[in-house]
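First up is the structure itself, then whatever we jot down about it.
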Amino acid sequence: MTRDAAWTAFDQAAAEAASARIVDQFAADPDRLARMSVEAAGLYLDLSKQSWTRAAFDACLDLARASDVEGRRAALFAGEAVNLTEGRAVLHPALRAAPGADFKALGEPVSAEVDAVRADMKAYADAVRLGAEAGATGKTFEAIVHVGIGGSDLGPRVVWDALRPLDPAIDLRFVANIDPRDMAEALTGLDPETTLVVVVSKTFTTQETLANAEAAKAWLAASLPAEGMTKHFIGVTAAPDKAAAFGCGRTFAFRDWVGGRYSLWSAVSLSCGIALGWEVFERMLAGAAEMDAHFVSAPLERNAPILLALAQVFNVDGLNRPARTVAPYAHALRRLPSFLQQLEMESNGKRVHRDGTPVTRQTCPVVFGEPGTNGQHAFFQQIHQGPEVVPAEFVIVAKTHADAPESPLWSNALAQGQALMLGKTTEAAKAEGLAQGLSEEEATRLASHRTFTGNRPSTAIVMERLTPEALGALLALYEHKTFVEGVIWDINSFDQWGVELGKVLAKAILKDVDAGGPSADLDPSTATLMTRLMG
C-alpha cells in the first residue's frame with residue numbers, strides 16, 4: 001500500500017470511528033483488550049480505551065507500514081543521518097547500550113568512545129562519593145549544583161526527582177532559569193567549600209547557562225582560594241576547550257549526534273550518577289536498553305512505542321484533537337509532563353516535511369499535565385465536561401512508597417479512565433438527584449450540569465514500582481514514540497530551529513540595551529516594551 005493510499009484509508013476509518021462509542025467496542029471485538037495491550041521492559045500498556053475501532057486500529061498499523069517505520073527505525077539504529085537538516089546521526093540508544101556494542105555514527109565507530117566516557121564518569125562519581133575527589137580546602141563534596149537549560153536540565157531533573165532517596169547523601173540542586181532568583185534559591189544553605197558545580201552545555205555558549213555559571217563562580221570565589229577553584233567546576237560539553245577556558249577543572253564529553261532532549265543517558269546526567277550512586281544510574285541505562293531491544297525486535301502490532309505513537313496520530317489527525325494530557329500517578333514522576341513537553345513539542349512541533357514542503361496535517365499536539373491526584377482538582381473538569389475532547393495518558397505506579405497504602409492513589413487513576421470512557425447520561429444524572437432527595441423540578445434542572453458525555457479516550461501505562469529500570473524503560477518508550485510520530489508525519493524530529501531564532505533575537509535585543517535603547521529597525525511594540533523595562 002502506498003503512503004497516500006494508507007492515509008486515505010486512515011481518514012475513512014477515522015470518520016467511521018468518530019461516531020462509535022469506546023465502551024461498545026469491547027462487546028463488538030472480544031479480543032480488543034488483548035490486541036490493544038502490550039507488555040514491554042517491565043511496563044504494561046493498555047490502549048483499549050482509545051477511540052479506535054478494530055478497523056481503525058488496523059488502518060493505523062497499515063499507515064505505519066506505508067510510512068516505512070521499520071526502515072526508518074533501522075536507519076536510526078544504524079547511525080545514518082536521520083537529522084537531515086544538520087547532517088547528523090541520532091544515536092541516543094548507543095549511550096545506554098551494554099559495553100562492547102558496535103554503534104556507528106555516519107559510519108564512524110562510536111561505542112568504544114561511549115564506553116570510555118562512561119568508565120570515566122563512573123570513576124569520578126565513585127571518587128566523589130568516597131571522598132577521593134574533594135574541594136579546594138580538602139573538604140568532601142556534600143552538594144552539587146547542576147547548571148543547564150532545556151535538555152541539559154529537564155532530563156537529569158526528572159531522573160533525580162524520580163529516583164532520589166528521601167535523605168540523599170549528596171544534595172543535588174538544579175538551576176536553569178536566567179532569573180537570578182533561581183540561582184539564589186539553589187545556593188541558599190550551601191557551603192562553598194563542599195559544593196560542586198556541574199555546568200552542562202553542548203556548545204558552552206548558551207546564554208542562560210553561562211550567566212548562571214558565572215554567578216556560581218562569583219559565589220565560590222568569594223570563599224575559596226583561587227588556585228583550588230577548578231576542583232569545584234565540572235564541564236559537560238561537546239566543546240571541552242571552551243569549558244576549560246571558563247575554569248572547569250575536568251570535562252566530560254558528548255558528541256553532536258546526541259540531541260539535547262535525548263541526552264540524559266550521557267555525561268549530561270553526571271550529577272545524577274554522582275548523587276544517586278553509579279549502580280542506580282547503570283540500572284536506569286539497562287532499563288532503557290531493554291526498551292530499545294523491544295522497539296527494534298517486536299512486530300508493529302505488538303510494539304509498545306509504535307502503538308503509543310499510533311494512538312496519538314489517530315487522535316490528532318484522525319479525530320482533530322490537538323492536545324493531550326499526561327497524568328503520572330506518582331509524586332516522584334511529577335516532572336514527567338514537563339519533560340515530555342520538551343521531548344515531544346520541540347521534536348515534532350514542525351511546519352514542513354523532511355523535503356521542506358509545508359505539512360498539510362496536524363503534527364504534535366500540545367502536551368500538558370500534572371501528577372494525579374493534583375490534576376483532578378485542576379484541569380480534569382475540562383477534560384471531563386469541556387466541549388473539546390482531550391485524550392489522557394495515565395502513568396500508574398502500583399507501589400510508590402514502602403509504607404503508604406497505594407490503592408487510594410491508583411484507584412483514582414482507574415476511576416478517571418473509566419469515567420472518561422463511560423460518562424453519565426442525563427437520565428442517570430436525574431435519577432441520582434432524585435435518589436439524593438432532590439425534588440423532581442430540582443433534579444431535572446441540575447441533570448444537564450451533572451451529565452458527562454463520556455466516550456473520551458485514555459491510555460494507561462502501568463509499572464509495579466518506580467525502579468531505575470522502569471524509569472529508563474518509560475523514558476525510552478516516549479523517545480521512540482516521538483520518533484515514530486515524526487516518521488509518520490514525515491518531519492525531522494531532531495532539529496529545533498524555533499529555539500535558535502529566539503536565541504538570535506535575544507542577543508540582538510541585548511545589544512540594543514547595551515547601546516542605550518532600541519534601534520531604529522526594531523518594531524514599535526518591542527521598542528516600547530524595551531524602553532519601559534529599561535526604566
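One is the number of the first residue; the rest follow in order along the sequence. Both backbone and side-chain heavy atoms feed into the values below; hydrogens, waters and symmetry mates do not.
- Between L343 atom CG and R261 atom CZ the span is 7.5 Å, to the nearest 0.5 Å.
- Side-chain contact, D161 with H331: no donor N or O sits under 3.5 Å from an acceptor N or O.
- Contacts classified as ring-ring contact (aromatic ring centres under 6.0 Å, His included) and involving residues 82-106 (residues at least two apart or in different chains) are given here: H92-Y262.
- A donor atom on one side chain and an acceptor atom on the other are not found under 3.5 Å apart for S347 and T482.
- Remark: the E193 side chain and the H232 side chain contain no N/O donor-acceptor pair separated by less than 3.5 Å.
- For the pair L210 and T205, the tightest heavy-atom approach, listed with the atom from each and the gap, is CD1-CA, 3.7 Å.
- Taking the six-membered ring where the residue is Trp, H480 and F295 present parallel rings, their angle staying beneath 30° rather than reaching 60°.
- R118 has no carboxylate O lying under 4.0 Å from a charged side-chain N of E282, or vice versa, which leaves the two without a salt bridge.
- Counting only distance, with no hydrogens or angles, the side chain of E469 and the backbone of R283 share no donor-acceptor pair below 3.5 Å.
- Within the 3.5 Å criterion, the main-chain N or O of A184 finds a donor-acceptor partner in the side chain of T188.
- At least one cation-pi condition fails for R157 and F339: the charged atom is not both under 6.0 angstrom from the six-membered ring centre and inside a 45 degree cone around its axis.
- Between K503 and E208 there is no salt bridge, since no side-chain nitrogen of the basic residue lies less than 4.0 Å from a carboxylate oxygen of the acidic one.
- With respect to the salt-bridge test (charged N to carboxylate O, under 4.0 angstrom), the residues D120 and K122 do not qualify.
- K202 places a side-chain N or O within 3.5 Å of a backbone atom of V258 that can act as its donor or acceptor partner.
- Using a 4.5 Å heavy-atom threshold, the side chains of V197 and L220 count as touching.
- The side-chain heavy atoms of H146 and I274, taken from C-beta on, include no pair separated by under 4.5 Å.
- D182 and N177 get closest at one heavy-atom pair: OD2-N, 2.8 Å.
- Annotation: cation-pi pair K217/F246 present, NZ/CZ under 6.0 Å from the ring centroid and within 45° of its normal.
- Here the side chains of W219 and T195 are in contact, with some heavy-atom distance below 4.5 Å.
- Under the 4.5 Å side-chain criterion, counting only non-hydrogen atoms from C-beta, L466 is in contact with L471.
- Defined by atom type and a distance below 3.5 Å, a donor-acceptor pair is present between the side-chain atoms of E393 and Y478.
- Between T237 and K242, the closest side-chain pair of non-hydrogen atoms is not below 4.5 Å.
- Between the side chains of W489 and E485, not a single donor N or O lies within less than 3.5 Å of an accepting N or O.
- Both the sub-6.0 Å distance and the 45° axial angle are not jointly satisfied by R88 relative to the ring of W257.
- With hydrogens and angles left out, the side-chain atoms of D495 and T85 include a donor and acceptor closer than 3.5 Å.
- Between T209 and F204 the shortest side-chain heavy-atom distance does not fall below 4.5 Å.
- No side-chain heavy atom of L47 sits under 4.5 Å from any side-chain heavy atom of S37.
- In summary, the side chains of N83 and E86 do present a donor paired with an acceptor at a separation below 3.5 Å, with no hydrogens or angles considered.
- In this structure, Q207 places its CD atom where more than 12 heavy-atom neighbours from other residues, nucleotides or ligands lie under 6.0 Å away.
- When side chains are defined from C-beta on, R255 counts as touching E113, because their heavy atoms get closer than 4.5 Å.
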Worked check of salt bridge (Lys or Arg N to Asp or Glu O under 4.0 Å) between R324 and E344: CA-CA 11 Å; R324 163 174 136 264; E344 298 188 29; 2.8 Å; yes
